[in-house]
Undergrad: 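One structure is given below, represented as structure tokens, and several questions about it will come after.
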Amino acid sequence: MDSAASPADQSKPAVAKDENGTGSDDGKEEDYKMPDNASETLYLQNLNETVRVDFLKQTLQNLFKSYQVVPPVIAHGNLRMRGQAFVSFPNKEIADKARREVAGFPLYGKPMQLSFAKTKSDVIVRKEEGEEGLESHKKRRLEHKKETRKNNPLRQKMQAKLKAAAAADPTGAAAVAPRRPQIQMPDEYLLPNALLFLQNLPDGTTKEDLHEVFNQYPNLLEVRLIPAKKDIAFVEYADEESATVAKEALHNFKIDGETKMKVSYAKK
DNA sequence: AGCACA
């Protein structure tokens, strides 16, 4: 069992204002044209490889819930496929929206890299062509696999060429500067940290108040208030495990009997 | 880095 909260409990990522283009600060929406390699399925890379795959799948399912993710999320833990996943959506437009809005989202400490999958997912094929269509799709996949075995020299040459071209092309997608993800960071996706971040403290909370509350849990090191912002604070424990115990016990705790204090891991 | 569907 993971010490992290079950992914099913996790709040959905709040999408930044995305109506009428208010969520976009980089150009007019009307001019936007979806890339022609768009797909119903996104290919995710740079995922934290230390997260267990079924937990990761659940998390992704949850993270993309507001985009009507079509299950199943596909991920594998083997050498070739770890750190990657496939997430499908009802159509290309929604997939593209998710791609643009979630790009760079720091899931468990690593900014997600999103692109369109280059082949259709089985779920999508089934939706579009039914069960029979899916069968032939799978058959074709099998055959294609044989033609493109890893050590096919022709294939390797071609790949090297494409890679060089992509690197040389400053307008290529790979050259686009990473930008800030457009969705809010739910703290459930932060990595465990011995340092906790408190929010929504009631007016007049003192260092002593916090010390008393957090000292109920072992290995407390220090409490730091933020003079300029009196509703937030940091609480440091000796190690992540101790911090986790306190965080889970005290998140939403009402110090004054009515104001729910938010406790999350501090960002690293 | 790595494009799957057990």
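Every chain is numbered from 1, with letters handed out A, B, ... down the list of sequences. Because the structure is predicted, anything quoted here is derived from the model rather than measured.
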Undergrad: Heavy atoms only, 4.0 Å cut-off, all strands: where does A:Glu49 land among base, sugar-phosphate and nothing?
TA: base
Undergrad: Take atom NE2 of A:His137 and atom P of B:dA4, then tell me their distance rounded to the nearest Å.
TA: 11 Å
Undergrad: Do A:Asn200 and A:Thr259 have side chains that get closer than 4.5 Å, going by heavy atoms?
TA: yes
Undergrad: List in chain and number order the residues that pass salt bridge (Lys or Arg N to Asp or Glu O under 4.0 Å) with A:Arg140, two or more places apart in sequence or in another chain; answer none if no residue qualifies.
TA: none
Undergrad: Would A:Leu42 and A:Phe116 satisfy side-chain contact (heavy atoms from CB on, under 4.5 Å), going step by step from the backbone distance to the final call?
TA: CA-CA 4 Å; A:Leu42 295 182; A:Phe116 293 109; 3.8 Å; yes
Undergrad: How close or far is atom C1' of B:dC3 from atom CZ of A:Arg82, stated in whole angstroms?
TA: 16 Å
Undergrad: How long is the line joining CG of A:Leu79 and C1' of B:dA4, in whole Å?
TA: 15 Å
Undergrad: Under 6.0 Å from the ring centre and within 45 degrees of the ring axis: does the NZ or CZ of A:Lys97 meet both conditions for the six-membered ring of A:Tyr67?
TA: no
Undergrad: Tell me which residues in residues 36-45 of chain A lie within less than 4.0 Å of DNA chain B, going by non-hydrogen atoms.
TA: A:Tyr43, A:Gln45
Undergrad: Could you check how far NZ of A:Lys57 sits from P of B:dA4, rounded to whole Å?
TA: 15 Å
Undergrad: Between B:dA4 atom P and A:Asn78 atom CG, what is the distance in whole Å?
TA: 10 Å
Undergrad: List for me each residue that meets salt bridge (Lys or Arg N to Asp or Glu O under 4.0 Å) alongside A:Glu212, sequence neighbours excluded, and say none if there are none.
TA: none
Undergrad: Take atom CG of A:Asp122 and atom P of B:dA4, then tell me their distance rounded to the nearest Å.
TA: 11 Å
Undergrad: Measure the distance from NZ on A:Lys138 to C1' on B:dC5 and round it to the nearest whole Å.
TA: 7 Å
Undergrad: May I have the distance from A:Arg80 (atom CZ) to B:dA4 (atom C1'), rounded to whole angstrom?
TA: 8 Å
Undergrad: Would a 4.5 Å heavy-atom cut-off, applied to side chains only, mark A:Lys230 and A:Thr205 as touching?
TA: no
